[in-house]
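Every chain is numbered from 1 and lettered A, B, ... according to where its sequence line falls, protein lines coming before strand lines. Computed over heavy atoms, backbone and side chain alike; hydrogens, waters and symmetry mates excluded.
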There are 2 protein chains.
Amino acid sequence: MVYKTVIVDDHPIVISGIAGLLSDLENIKIVEKFESGIVLLDYIEDNTVDLILMDIFLPVINGVDLCKTIKQKHPKIVIIGMSSQSERSLVMQFIQNGGNGYILKNASFDEFKNCIYKAIDGEIVFSEEVKTIISQPLSEELERIPALSRRERDIALLLSQGKSTQEIADDLFLSFLTVQTHRRNILQKYKMKNVAELIAFLLKNNMLN
Amino acid sequence: MVYKTVIVDDHPIVISGIAGLLSDLENIKIVEKFESGIVLLDYIEDNTVDLILMDIFLPVINGVDLCKTIKQKHPKIVIIGMSSQSERSLVMQFIQNGGNGYILKNASFDEFKNCIYKAIDGEIVFSEEVKTIISQPLSEELERIPALSRRERDIALLLSQGKSTQEIADDLFLSFLTVQTHRRNILQKYKMKNVAELIAFLLKNNMLN
DNA sequence: TTTTTATTACCTGATATCAGGTAAAAGCAG
DNA sequence: CTGCTTTTACCTGATATCAGGTAATAAAAA
């Protein structure tokens with residue numbers, strides 16, 4: 001079987017580079033190249049596509065939303081995201097929105113080739129550097145961040161569920177004033193302005209649940 | 001090379017089941033079986049371990065935290081998470097904390113085998129059902145959830161950064177009262193009690209960024 | 001073109017949060 | 001056993017949020 005492949009990138013140079021790399025691959029046939037996601041959406045309505053390689057940073061519509069939209073209508077199309085630099089949360093978001101893999105553009109020809117074949121085979125794939133990015137926080141971020149105490153975690157969790165100070169006090173059989181103290185301590189510990197920023201911070205750092 | 005493997009699960013029956021499955025594999029040698037994460041942490045300080053298969057729902061310390069702790073000191077150990085049922089966010093959290101793969105316990109022998117070999121080979125692997133779980137929201141959740149309008153998204157983003165109504169108004173060159181209206185509309189749209197719950201909701205559903 | 005949705009804006013009052021200071025009892029670690 | 005951290009608790013005042021209602025303009029969809 002030959003996989004009909006589309007490349008989407010707003011840099012023509014990158015398109016031709018990738019096209020060159022892929023031209024060697026037997027069962028990958030590049031049928032179209034686009035510089036915009038909107039045009040791609042039109043195209044896949046009228047044409048069969050098996051594989052899409054797309055830049056994540058696109059004008060108008062970003063890669064994550066584009067991927068989501070495509071997968072809703074065409075779940076069988078294999079979509080691999082690409083970018084020059086990246087960060088953990090972006091990669092995870094892309095995968096959560098249906099992406100089948102993520103490759104950094106500095107990946108070697110072999111990496112590209114392997115990732116593409118494995119993705120077609122139904123796996124979720126990452127290029128080497130992406131793998132290290134995904135499990136990065138272990139060495140840097142997390143060591144600097146102080147942990148929540150048990151009680152603080154309880155309270156933060158209830159805060160994330162929309163509970164007020166009074167409701168939390170009732171839930172945990174504490175005084176209103178005690179919960180207030182904990183709240184203040186948590187905000188000070190992480191130098192946050194208010195609960196909104198706090199919850200965002202805690203969730204992004206996986207410190208709740 | 002033979003991979004020294006440890007199984008951690010609080011159900012003895014599951015341990016023996018997995019041990020049985022793995023006993024056929026050539027270069028996988030099970031050196032220990034634990035029912036608790038704490039004991040495992042002690043063990044790996046004094047012994048060489050190459051591969052860990054761990055249940056995610058463990059007493060005392062959960063699998064995600066256990067994985068994080070192990071990877072901080074021993075990044076080279078390959079860790080695969082397992083559970084009977086699972087949800088998207090849990091799998092993503094496990095991977096973000098250094099996990100090399102995730103398998104549902106109902107996976108076939110072949111799936112187990114393939115995932116383990118690929119993980120050892122440096123890949124991040126998921127069993128079939130996990131893959132479907134990861135990219136699920138496309139069909140169910142997301143269609144029910146109304147989208148944020150552009151302006152609402154701007155405001156929600158600034159809220160998640162700890163900005164007050166007045167600061168947001170200044171940032172976006174709007175009236176304080178306008179921002180207040182948007183805030184109320186967003187809360188009503190998703191039936192949230194306050195910003196804390198809202199931010200938690202939006203982040204969990206990838207509706208910010 | 002009409003209708004709907006989005007964006008902008010104002011007013012009021014009740015309630016909640018945030019920041020300041022203070023402090024005692026319990027639990028853990030050196 | 002003696003510090004250190006955690007958890008508990010109280011007081012006050014300034015500021016912010018939330019909920020109620022109302023409404024005009026602009027933009028997009030029907």
*Could you run through nucleotides 25-30 of chain D and give me one letter per nucleotide, 5' to 3': B if any protein heavy atom sits under 4.0 Å from the base, S if only the sugar-phosphate is that close, - if neither?*
------

*asked:* Does this structure show an ion pair linking Glu197(A) with Lys163(B), if we count only N-O contacts that are shorter than 4.0 Å?
replied: no

*For Asp170(A), enumerate each residue passing the side-chain contact (heavy atoms from CB on, under 4.5 Å) test, keeping only those at least two apart in sequence or located in another chain.*
Gln166(A)

*Under 3.5 Å, side chain of Ser23(B) to main-chain N/O of Leu21(B), donor-acceptor pair present?*
no

_DNA chain D contacts made by residues 171-178 of chain A, counting heavy atoms under 4.0 Å_ = Leu174(A), Ser175(A), Leu177(A), Thr178(A)

_All ring-ring contact (aromatic ring centres under 6.0 Å, His included) counterparts of Phe201(B), not counting sequence neighbours_ = Tyr190(B)

*Minimum-distance nucleotide (side-chain atoms of Arg184(A) versus dC10(D), dT22(D), dT8(C))*: dC10(D)

*asked:* Using the ring-ring contact (aromatic ring centres under 6.0 Å, His included) criterion, which residues pair with Tyr117(A)? Sequence neighbours excluded.
replied: none

*Give the minimum heavy-atom separation between Val78(A) and Asn100(A), together with the two atoms involved.*
CA-OD1, 3.5 Å

*Can you list the residues that meet the side-chain contact (heavy atoms from CB on, under 4.5 Å) rule with Ser149(B), with sequence neighbours excluded?*
Arg151(B), Glu152(B)

*asked:* Going by the rule side chain to side chain donor-acceptor pair (under 3.5 Å), which residues pair with Ser83(A) if we only count those two or more places apart in sequence or in a different chain?
replied: Tyr102(A)

_Is it true that, when you exclude Lys73(B) itself, more than 12 heavy atoms of the residues, nucleotides or ligands shown sit nearer than 6.0 Å to its NZ?_
no

*Near DNA chain D, which residues from residues 158-170 of chain B have a heavy atom under 4.0 Å away?*
Ser164(B), Thr165(B)

_Between dA6(C) (P) and Glu152(B) (CD): distance, integer Å_ = 7 Å

*To the nearest 10°, let me know how far the axis at one end of the helix from dT1(C)-dA30(D) to dC28(C)-dG3(D) is tilted from the axis at the other, five pairs an end.*
80°

*Which residues in residues 186-195 of chain B have at least one heavy atom lying under 4.0 Å from any atom of DNA chain C?*
none

*Can you find a donor-acceptor pair, distance only, under 3.5 Å between Thr181(B) side chain and dA9(C) base?*
yes

*Looking at side-chain heavy atoms only, is the closest gap between Glu128(A) and Leu104(A) below 4.5 Å?*
no

_All side-chain contact (heavy atoms from CB on, under 4.5 Å) counterparts of Val8(A), not counting sequence neighbours_ = Val6(A), Phe34(A), Leu40(A), Ile52(A), Met54(A), Leu58(A)

*Rounded to the nearest Å, what distance is computed from the CD atom of residue Glu197(A) to the P atom of nucleotide dA19(C)?*
11 Å

*asked:* Using modelled atom types and a 3.5 Å cut-off, is there a donor and acceptor pairing between side-chain atoms of Asp50(A) and backbone atoms of Lys4(A)?
replied: yes

_If you assign Gln180(B) and Ser149(B) each to the DNA chain C nucleotide with the nearest heavy atom, which residue ends up on the more 5' nucleotide?_
Ser149(B)

*Does Lys105(B) pair with Asp9(B) as a salt bridge, N-O distance under 4.0 Å?*
yes

*Give a yes or no on whether the backbone of Asp42(B) and the side-chain of Glu45(B) come within a donor-acceptor separation of less than 3.5 Å.*
no

*asked:* Quick check against the 3.5 Å criterion: does Lys71(B) have a side-chain atom that pairs as donor or acceptor with the backbone of Pro75(B)?
replied: yes

*In terms of side-chain heavy atoms of His182(B), which of dT7(C), dT17(D), dC18(C) is nearest?*
dT7(C)

*How many Å lie between CZ on Arg153(B) and C1' on dA6(C), as a whole number?*
16 Å

*Partners meeting side-chain contact (heavy atoms from CB on, under 4.5 Å) with Ser36(B) (sequence neighbours left out)*: Ile38(B), Val39(B)

_Value in whole Å for how far the P atom of dA9(D) lies from CZ of Arg183(A)_ = 16 Å

